[in-house]
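Values reported hereafter were calculated over all heavy atoms of this structure, with side chains retained and with hydrogens, waters and symmetry mates removed.
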Amino acid sequence: MAAPLLFRVASLLRLRFYHHQQSRGLCFGLLNRRLFCASTEPSQTPEDSSSAGQNPDTTVLRVNEPPRFPRWSELDYQKWKEKEAEILQDIKPVISLVKDIIHSTRYLDGERLTAEDEKIVVEKLLAHHPHCEDKIGCGLDSIMVDRHPQFRQSRCLFVVRTDGGWIDFSYHKCLRWYVRDRYPSFAEIFIRKHLKMGS
């Protein structure tokens with residue numbers, strides 16, 4: 001007999017607690033509903049809309065609003081992928097050649113490139129360096145591969161001048177400027193993806 005009475009008292013207390021919390025706006029179910037519905041229900045009345053535009057921090061993004069960042073259209077994305085493939089096809093042979101020159105045993109440290117390799121490096125890379133004239137200086141005698149004077153573990157390309165002086169140049173920098181010159185509309189996105197610094 002005591003158990004049903006205790007059960008009724010407990011139920012009554014829960015009900016009173018629920019109504020008390022609901023009247024204060026703290027009912028978990030109500031609060032939960034408000035959080036859930038914040039993205040689908042208008043967060044302000046039409047009278048408040050003029051003032052809400054002044055404070056972007058209080059604006060609630062609704063489910064049916066478009067995102068606020070640009071997206072590729074299918075046509076633009078397809079165009080980019082085609083151009084990306086075209087640029088890669090254009091520069092891959094030069095990248096392969098330079099990597100072979102620098103990282104293989106074809107050339108010893110301090111060795112000058114063959115006439116055929118030098119022609120490709122000068123025309124496809126050095127000519128597009130943003131400081132090409134400064135690199136060549138008094139005149140170009142040849143292109144050499146050697147250890148970098150500061151970073152002895154890495155090899156790079158050098159311009160050997162007609163006065164006997166020599167200076168290194170970055171083939172990455174040459175490629176970036178080549179792409180900017182040849183493919184200006186797609187250059188920056190291509191460079192960020194394929195030719196970023198340190199890659």
Side-chain angles (χ1 to χ4, degrees), residues 39 56-57 61 63 65-199:
S39 62
D57 295 335
L61 183 63
V63 171
E65 285 185 23
R68 295 181 180 164
F69 51 89
R71 288 186 176 173
W72 288 95
S73 71
E74 193 171 320
L75 187 63
D76 288 342
Y77 183 73
Q78 184 62 34
K79 191 173 181 181
W80 151 244
K81 293 309 284 181
E82 288 170 5
K83 191 56 75 170
E84 180 186 30
E86 180 185 333
I87 299 169
L88 283 170
Q89 187 176 3
D90 183 17
I91 67 172
K92 262 189 176 176
V94 179
I95 293 173
S96 295
L97 173 66
V98 172
K99 286 185 175 180
D100 186 45
I101 290 169
I102 292 174
H103 301 298
S104 76
T105 56
R106 278 181 59 198
Y107 292 99
L108 300 174
D109 291 347
E111 192 173 351
R112 295 177 180 200
L113 304 190
T114 64
E116 184 182 343
D117 287 348
E118 183 179 300
K119 182 174 188 284
I120 294 169
V121 168
V122 169
E123 290 177 2
K124 299 281 186 174
L125 293 173
L126 185 59
H128 301 282
H129 195 285
H131 306 293
C132 177
E133 292 179 11
D134 295 335
K135 294 288 183 183
I136 292 172
C138 59
L140 175 67
D141 179 58
S142 61
I143 301 293
M144 169 181 78
V145 61
D146 203 349
R147 299 274 167 190
H148 192 280
Q150 290 177 322
F151 309 103
R152 298 300 297 170
Q153 71 280 6
S154 61
R155 295 186 355 145
C156 60
L157 296 171
F158 290 84
V159 171
V160 180
R161 297 170 175 160
T162 52
D163 65 356
W166 45 273
I167 188 169
D168 67 300
F169 67 97
S170 165
Y171 79 91
H172 283 282
K173 190 177 282 189
C174 297
L175 284 170
R176 285 193 290 272
W177 282 88
Y178 172 79
V179 171
R180 284 186 181 113
D181 182 51
R182 185 100 188 253
Y183 308 95
S185 300
F186 298 90
E188 296 311 316
I189 189 169
F190 183 87
I191 289 167
R192 281 197 303 272
K193 185 172 180 183
H194 297 283
L195 299 173
K196 57 187 175 197
M197 296 294 283
S199 62

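Taken to the nearest 0.5 Å, the CD1 atom of I91 stands 10.0 Å off from the OG atom of S96. The distance from atom CG of L113 to atom CG of L97, rounded to the nearest 0.5 Å, is 8.0 Å. Note that the CE atom of M144 and the CG atom of D168 stand 9.5 Å from one another [nearest 0.5 Å]. The line from CG of L157 to CD1 of I143 is 7.0 Å long, rounded to the nearest 0.5 Å. Rounding to the nearest 0.5 Å gives a distance of 11.0 Å between CD of E111 and OG of S142. Here SG of C132 is found 8.5 Å from CG of L140. Values are rounded to the nearest 0.5 Å.
Put simply, the side chain of R147 gets close to the backbone of Q153: a donor and an acceptor are under 3.5 Å apart. Between the side chain of K196 and the backbone N or O of I191 there is no donor-acceptor pair closer than 3.5 Å.
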*Does the pair Y171 and I102 meet the rule for a side chain to side chain contact (heavy atoms under 4.5 Å, CB included), with working shown?*
CA-CA 11 Å; Y171 79 91; I102 292 174; 4.0 Å; yes
*Are V159 and W166 close enough, and set up right, to give a side chain to side chain contact (heavy atoms under 4.5 Å, CB included), and what steps lead you there?*
CA-CA 5 Å; V159 171; W166 45 273; over 6 Å; no
*Report the C-alpha distance between I167 and F158 in whole Å, list the side-chain angles of each, state the deciding distance to 0.1 Å, and finish with yes or no for side chain to side chain contact (heavy atoms under 4.5 Å, CB included).*
CA-CA 5 Å; I167 188 169; F158 290 84; 5.7 Å; no
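Every residue was checked against the ring-ring contact (aromatic ring centres under 6.0 Å, His included) condition with F169, not counting sequence neighbours, and none meets it. Every residue two or more places apart in sequence or in another chain that forms a side-chain hydrogen bond (donor to acceptor under 3.5 Å, both in side chains) with D100 is listed here: S104, R106. Partners of K81 by salt bridge (Lys or Arg N to Asp or Glu O under 4.0 Å), not counting sequence neighbours, listed by chain and number: E84.
Side-chain contact between R112 and V160 is present, with at least one heavy-atom pair separated by less than 4.5 Å. Side-chain contact between T114 and Y107: present, with at least one pair of heavy atoms (C-beta onward) separated by less than 4.5 Å. Residues E82 and Q78 have side chains in contact (heavy-atom distance under 4.5 Å, counting atoms from C-beta outward). No side-chain heavy atom of W177 sits under 4.5 Å from any side-chain heavy atom of H129.
Within the structure, salt bridge (charged side-chain N to carboxylate O under 4.0 Å, His left out) contacts touching residues 154-164 (residues at least two apart or in different chains) are D109-R155. Residue pairs meeting the side chain to side chain donor-acceptor pair (under 3.5 Å) criterion with at least one partner in residues 178-190, sequence neighbours excluded, are D90-Y178, D90-R182, D90-Y183, Y178-R182, R180-E188.
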Acceptor/donor pairs from residues 119-128 side chains to any protein atom, 3.5 angstrom cut, sequence neighbours excluded:
residue, atom, partner, partner atom, Å
K119, NZ, E123, OE2, 3.4

